[in-house]
Every structure is written in C-alpha cells, then in structure tokens.
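Report on one structure; see the data block that follows.
Predicted model, so just to flag it, every value in this text is computed and none were measured.
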Amino acid sequence: MSVDVKKCLRDYCKNFQFFSIALYESTDTKDTPKLAVFVRGVNSAFDIVQKFVQLVPMKGTITGADIPQALLKCTADMKLDLSRRICVTTNEQPAMVGEKKGLVALLQRHMEVLGIKHKVRKMHCIIH
C-alpha cells in the first residue's frame, strides 16, 4: 500500500507547474531529530495539492549541511523539478536560515550550480 501512496504522490509532484516546500525540524521523545517535509503545488488546471511528503530521521546533530542533503534526496525521490520551486518555508533556526551555512543559502548555491537562476524565497514558519 505504501508503494501506491508514494506513486500517487510522485504523480502529483511531476505535474506541478510550481510548488513550495515547508520544512519543520524537531526531535521525538527519544531525542532523535526528525525533518518533516511538506509540499504544496499547483498543476496546469490550477488544482492545488498540499501533501505531507516524508518524515526524515536525521542522524546525530542537524546542521545546515545535513538538511539540504535530506531535502534534495527527498525532492529527487518525489521527482520534483527544483526549477519550479518558488518558496521554502522554515522555522527561524540558524540551521535553516543561516546566511552562509543554513538550508536556504546552501539550497540557493545548489540551484545556481544546476543553472537555476531564480532566488530562493523563504517564509517563516506557517506550519504552526
């Protein structure tokens, strides 16, 4: 069943004209860091889809470098085209929004390497 759910989510994601990603990092009751990934996208028929994508268990400490790696793995798995990404929503932790080593800065650099020129727009914590 989980394969069907994942395939259905991938089908939604591959048809997005534009999408945004929301990330929330927290720890569980055993102090294991987790990264919750949500996606909200719109297709060519202007249907808006908002879905929980994945809860990524993080090993050890979470740094600005760990989060982009987990996010890029998740977006690749869902076949999300980063050139169609318009926004990233996070909390205000330094690992997320640090100017040099935060998720947003590292994601911007990664996109520039891929030749994607538009700036990463960021929003603060609408998940709460």
Side-chain angles (χ1 to χ4, degrees):
M1 181 174 155
S2 67
V3 173
D4 293 338
V5 171
K6 199 170 198 177
K7 182 185 178 309
C8 183
L9 184 56
R10 274 192 196 125
D11 290 343
Y12 277 122
C13 291
K14 75 179 181 184
N15 291 318
F16 286 155
Q17 296 298 306
F18 301 100
F19 69 93
S20 61
I21 295 172
L23 303 168
Y24 180 71
E25 182 271 319
S26 68
T27 56
D28 64 14
T29 56
K30 295 182 182 180
D31 289 331
T32 303
K34 307 277 187 192
L35 182 67
V37 181
F38 301 84
V39 67
R40 185 175 194 179
V42 60
N43 64 19
S44 59
F46 295 106
D47 297 324
I48 297 172
V49 176
Q50 183 170 308
K51 297 287 183 183
F52 168 75
V53 176
Q54 189 173 10
L55 184 63
V56 182
M58 306 294 287
K59 305 293 184 208
T61 60
I62 293 184
T63 66
D66 298 327
I67 297 168
Q69 290 174 355
L71 176 60
L72 291 171
K73 184 178 182 297
C74 184
T75 57
D77 190 37
M78 286 297 116
K79 308 228 184 301
L80 286 164
D81 179 358
L82 288 177
S83 69
R84 296 174 184 226
R85 190 238 6 102
I86 57 171
C87 186
V88 175
T89 302
T90 68
N91 52 13
E92 288 292 318
Q93 294 178 343
M96 296 287 194
V97 295
E99 287 185 36
K100 296 184 180 182
K101 295 183 181 178
L103 163 75
V104 176
L106 295 172
L107 184 59
Q108 181 70 52
R109 282 189 216 121
H110 176 77
M111 291 176 61
E112 288 169 359
V113 167
L114 294 176
I116 302 169
K117 303 284 187 212
H118 63 273
K119 185 171 171 61
V120 174
R121 290 188 181 122
K122 58 186 175 185
M123 294 181 69
H124 170 67
C125 208
I126 60 170
I127 295 172
H128 289 113

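If you take NE2 on His110 and CG on Leu82, they are separated by 5.5 Å, rounding to the nearest 0.5 Å. Between atom NE2 of residue His118 and atom CZ of residue Arg84 there is a gap of 11.0 Å, rounded to the nearest 0.5 Å. Between the NZ atom of Lys119 and the CD atom of Glu112 there is a distance of 9.0 Å, given to the nearest 0.5 Å. To the nearest 0.5 Å, atom NZ of residue Lys73 and atom OG1 of residue Thr75 are 10.5 Å apart. One finds the CG atom of Leu107 at 11.5 Å from the CD1 atom of Ile67 (value rounded to the nearest 0.5 Å).
A pairwise comparison of heavy atoms in Lys117 and Gln108 identifies O-NE2, 4.5 Å as the closest pair. For the residue pair Glu25 and Leu35, the shortest heavy atom distance occurs at CB-CD1, 4.1 Å.
By the rule that hydrophobic residues join a cluster once side-chain heavy atoms approach within less than 4.5 Å of another member, Val56 and Leu72 end up as members of one cluster. No path of Ile, Leu, Val, Met, Phe, Trp and Tyr side chains, each step under 4.5 Å between heavy atoms, connects Val42 with Leu80, placing them in separate hydrophobic clusters. Residue Phe38 is not grouped with residue Ile48 when hydrophobic side chains (ILVMFWY) are merged at heavy-atom distances under 4.5 angstrom, including chains of intermediate members. Using a 4.5 Å cut-off between side-chain heavy atoms of Ile, Leu, Val, Met, Phe, Trp and Tyr, with links allowed through other members, Val53 and Met58 fall into the same hydrophobic cluster. Residues Val49 and Val39 are members of one and the same hydrophobic cluster, defined by side-chain heavy-atom contacts under 4.5 angstrom among Ile, Leu, Val, Met, Phe, Trp and Tyr.
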Name each donor-acceptor pair under 3.5 Å that joins a side chain in residues 12-23 to protein atoms two or more places apart or in another chain, with its distance.
from	atom 1	to	atom 2	distance (Å)
Asn15	ND2	Asp11	O	2.9

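Through direct or relayed side-chain contacts under 4.5 Å between Ile, Leu, Val, Met, Phe, Trp and Tyr, Val113 connects to no other residue.
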Can you list the steps and then say if Met78 with Leu9 is a side chain to side chain contact (heavy atoms under 4.5 Å, CB included)?
CA-CA 7 Å; Met78 286 297 116; Leu9 184 56; 3.6 Å; yes
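Asp77 meets the salt bridge (Lys or Arg N to Asp or Glu O under 4.0 Å) test with Lys6, Arg10; sequence neighbours excluded.
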